[in-house]
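The block underneath contains the structure these notes are about, expressed in structure tokens.
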Amino acid sequence: MNILGISCFYHDSAAALVRDGKIIAAAQEERFTRKKHDDNFPKHAVEFCLKTAGIDMSQIDVVAFYEKPLVKFERLLRTYFAYAPIGFNSFIKAMPQWIRKKLWMQELLLEELPGFKGKIIYPEHHESHAAAAFFPSPFQDAAFLTIDGVGEWTTTSFGTGRGNKIQIDYEIHFPHSLGLLYSAFTYYTGFKVNSGEYKVMGLAPYGEPKYVDLIYKHLIDLKEDGSFRMNMDYFDFAAGLTMTNAKFDAIFGGPPRKPESRLGQREMDLAKSVQVVTEEIMMRMSKHVRKITGQKNLCLAGGVALNCVANGKLLKERVFENVWIQPAAGDAGSALGAALFGWYQYANNPRNADNKNDTQFASYLGPDFTDAEIEAYLISHDIPYKKHDRSAMVQSVAGILADEKVVGWFQNRMEFGPRALGSRSIIGDARSTKMQSVMNLKIKYRESFRPFAPSVLREKMTDYFDVDY
Ligand SMILES: [Fe+2]
């Protein structure tokens, strides 16, 4: 059985193909169109998935769309009526796309997938996240926690995965959302919502958590079990065209930073503060999930699970014995989650995890290119090149890195998810104190504070890092 998972029309469109439970291919549309966070129908990603599987559209049995469009539309309508007449502008702005496209999802999918004769299923947004977290994980049984901005109504969910089934036991609903709280600070510190969140995380270590008390006092009522309610007097995302409002500005000392203007200590302190609050909420939630589910394994997904600093703290505190995080934790990964949901939850096929190995293939699920293809490209574009055998190439690259130079590294299949994991990576010597700024300067439009992930042989890990897992 071939199942095609699709997520699109919000941000980070993607497609994934699962054949008889095995993940065959997954990729984000932006990697083909070179349009960052491309939200169009993932035409190229679908083509790539079919090509990798060696099939055409008529051989797809099920298409799994990553959320329920009508329930999402209902949330939009109800939110509008709850705040009306405030919010009329954002309502009017959102409507044409819904009326032209999203309300007619079934027709639209059939139109975009010529030759498809199978069934279309629509798991809920957080079911897709939970499926992406649990089904590829190494665990036969595990708790899962999904945290993002918002799906239909849900912004946070947890529950248990057992064998071939996931069951969501608890949800937090819109507008109360940790993802949207983080996005509000992303907006306020002058970065782009739904894409600049990782910059806020990268900026946080340069700041002091000066605003934490103000956040708890005014913005969010956090309970011991990690559940929370947000005070919507300070946010405009439910009805307005911005994330925060004048009341928010009054508490945090002025209007949002203008994008591209100079970053100051204030933005760094704000970033640190929302990061500290996020870590505290994730810690409390995880402890509660452990207590309620009694599971020793945890699977994480949803955009907030891309906060690797918070994830690192969870690991370090050993709230759970084992943690597995979906590498494509955002909505792109939900294309994969929806497809796996189709195979296990919907078609009820058995799942036998060995509690050791995951089935995500290190997330190397994207396109690859043969040496002959690469050579043909270099020749046709007049790009000078030298061909080495592998050991000479590794020797030479090690020498270049030791000279504190920066190398573009391209091998095998592309990663699925936002992180470069050694297939399409820019690498440098992490021991060099100037490497971070050298590298950022070499990459166009990158701010100097942006961090890079160090990688190290597992057996050398404790030589460099204060970790023991
Ligand atoms: Fe999501």
Side-chain angles (χ1 to χ4, degrees), residues 5-16 26 28-30 36-39 42 45 64-76 79 94 102 105 121-136 144-159 161 166 168 170-184 186-187 192-198 201 230 237-238 243 278 281-282 285 299-308 310-311 325-341 416-419:
I6 287 175
S7 71
C8 59
F9 300 142
Y10 182 42
H11 55 92
D12 299 315
S13 294
Q28 232 171 289
E29 186 68 0
E30 63 163 31
K36 249 195 162 327
H37 305 293
D38 197 339
D39 63 355
F65 190 72
Y66 82 123
E67 63 181 13
K68 294 187 187 301
L70 289 181
V71 186
K72 200 171 185 175
F73 186 66
E74 181 213 320
R75 191 244 303 160
L76 222 76
T79 307
K102 299 181 188 175
M105 195 58 75
I121 60 166
Y122 299 87
E124 278 180 19
H125 189 103
H126 275 256
E127 279 177 330
S128 295
H129 276 315
F134 174 65
F135 290 135
F144 60 80
L145 174 60
T146 66
I147 317 171
D148 72 354
V150 62
E152 295 90 356
W153 283 98
T154 308
T155 65
T156 298
S157 83
F158 78 76
I166 46 167
I168 294 177
Y170 179 85
E171 294 176 343
I172 296 178
H173 284 179
F174 182 85
H176 311 292
S177 162
L178 179 54
L180 290 174
L181 175 73
Y182 209 91
S183 291
T186 303
Y187 167 83
K192 234 174 149 179
V193 170
N194 279 338
S195 75
E197 282 75 7
Y198 73 106
M201 185 182 76
M230 280 157 70
F237 60 74
M243 294 298 292
T278 301
I281 296 174
M282 283 182 74
M285 278 181 181
C299 303
L300 283 174
V304 179
L306 291 170
N307 194 312
C308 47
N311 296 345
I325 302 156
Q326 166 55 242
D331 285 355
S334 293
L336 176 60
L340 290 167
F341 183 93
F416 182 49
R419 309 279 180 247

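Residues: numbered from 1 along the sequence shown. Atoms within each ligand, like the ligands themselves, are counted from 1 in listed order. On a predicted model such as this, the values are computed, not experimentally measured, just so you know.
- Between D148 and D331 the shortest side-chain heavy-atom distance falls below 4.5 Å.
- The only option from H126, E171, Q326 that meets the side chain to side chain donor-acceptor pair (under 3.5 Å) definition with T146 turns out to be H126.
- For the Fe ion (ligand 1), the nearest N, O or S atom contributed by D331 is named OD1.
- In this structure, the side chains of L145 and F158 come closer than 4.5 Å at one or more pairs of heavy atoms.
- The atom of H129 nearest to the Fe ion (ligand 1) is NE2, with the search restricted to N, O or S atoms.
- For H125, the nearest N, O or S atom to the Fe ion (ligand 1) falls under 2.8 Å.
- Of all N/O/S atoms in D148, OD2 sits nearest the Fe ion (ligand 1).
- Rounding to the nearest 0.5 angstrom, the gap separating the CZ atom in F237 from the OG atom in S177 is 6.0 Å.
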